[in-house]
Amino acid sequence: MSKTEPPVIAIARTADADPALPLPEYASSGAAGADLRADLAGGSVDLAPGARALIPTGLTLAIPAGWEVQVRPRSGLALKHGVTVLNSPGTIDSDYRGPLGVILINLGEAPFRIAHGERIAQMIVAAAPQARLRLVDTLDQTARGTGGFGSTGTG
Ligand SMILES: O=c1ccn([C@H]2C[C@H](O)[C@@H](COP(=O)(O)OP(=O)(O)OP(=O)(O)O)O2)c(=O)[nH]1
């Protein structure tokens with residue numbers, strides 16, 4: 001099977017970033033995601049139950065055209081604390097050069113403190129081709145037709 005060369009994602013720190021924070025990296029040879037850390041200028045953010053916040057990572061990315069970065073939750077935070085990425089998966093566009101932020105929400109029962117440098121989410125690089133979008137009068141026929149939303153049953 002031929003393996004396509006993975007894209008290069010350029011990472012730059014924002015002007016106010018903490019240069020001591022580790023950059024995202026793959027923790028194992030098979031890891032799909034690289035962890036993103038909260039860059040809170042040495043401080044912390046308290047998320048009350050039900051509250052959400054945009055958490056800065058101190059990073060900006062340059063993603064090649066045809067690719068995207070998805071911001072996904074960390075399962076440990078979700079299971080242990082009910083803290084997850086509200087807009088999961090967050091979409092980082094290839095032409096975006098602004099700061100990468102993570103929108104976290106606390107769906108747990110207890111307040112959750114996000115510490116500076118804590119790993120709060122993970123970034124996944126995925127192919128995202130821009131399709132050619134065309135308006136037509138009728139669509140081609142398929143066996144499924146218009147069936148959806150549970151049309152095949154629940155069992
Ligand atoms: O979790 C996220 C989601 C988005 N972004 C940045 C990168 C992305 O390219 C840009 C716009 O995101 P999106 O298209 O999801 O937001 P929008 O609400 O549609 O805003 P816009 O009108 O700016 O596209 O915001 C983040 O930093 N974190």
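When a ligand or atom number is given, it counts from 1 through the structure's own listing order. These values consider heavy atoms only, across backbone and side chains, with no hydrogens, waters or symmetry-generated copies.
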Closest to atom 3 (C) of ligand 1 by heavy-atom distance, out of Asn87, Val85, Asp95, Leu61, is Asn87
Heavy-atom proximity to atom 8 (C) of ligand 1, picking from Ile103, Val102, Thr91, points to Thr91
For Gly90, the atoms of ligand 1 under 4.0 Å from one of its heavy atoms are 1 (O)
For Pro99, the atoms of ligand 1 under 4.0 Å from one of its heavy atoms are 27 (O)
Quick note on ligand 1: atoms under 4.0 Å from a heavy atom of Leu100 include exactly 27 (O)
Between Leu23 and Glu25, is any pair of side-chain heavy atoms under 4.5 Å apart? no
With only distance considered, is Tyr96 within less than 3.5 Å of ligand 1 through an N or O on each side? no
What I'd like to find out is whether the side chain of Pro24 reaches to under 4.5 Å of the side chain of Ile11, using heavy atoms alone.
yes
What I'd like to find out is whether the side chain of Leu21 reaches to under 4.5 Å of the side chain of Arg13, using heavy atoms alone. yes
Under-4.0 Å heavy-atom contact between protein and atom 1 (O) of ligand 1: yes
Among the heavy atoms of Gly98, does any lie under 4.0 Å from an atom of ligand 1? no
With sequence neighbours left out, the residues meeting side-chain hydrogen bond (donor to acceptor under 3.5 Å, both in side chains) with Asp18 are His116
ask   = Looking at atom 27 (O) of ligand 1, would you say a protein heavy atom lies below 4.0 Å from it?
value = yes
Atom 5 (N) of ligand 1 sits nearest the protein heavy atom Ile92 CD1, 3.6 Å
Distance col, row Tyr26:OH vs Met123:CE, nearest 0.5 angstrom, shows 5.5 Å
Paired with Val85, the side-chain contact (heavy atoms from CB on, under 4.5 Å) test is passed by just one of Leu104, Ile120, Ile105, namely Leu104
Ranked by distance from atom 14 (O) of ligand 1, the top protein heavy atom is Asp93 OD2, 3.8 Å
Which side-chain N or O atoms in residues 60-82 pair as donor and acceptor under 3.5 Å with protein atoms at least two apart or in another chain?
{"residue": "Thr60", "atom": "OG1", "partner": "Ala12", "partner atom": "O", "Å": "3.1"}
{"residue": "Glu68", "atom": "OE2", "partner": "Gln70", "partner atom": "NE2", "Å": "2.8"}
{"residue": "Gln70", "atom": "OE1", "partner": "Arg72", "partner atom": "NE", "Å": "3.2"}
{"residue": "Gln70", "atom": "OE1", "partner": "Arg72", "partner atom": "NH2", "Å": "3.1"}
{"residue": "Arg74", "atom": "NH1", "partner": "Arg119", "partner atom": "O", "Å": "3.0"}

So Ile124 and Pro89, do their side chains get closer than 4.5 Å, heavy atoms only? no
- Query: Can you find a protein heavy atom under 4.0 Å from atom 22 (O) of ligand 1?
  - Reply: no
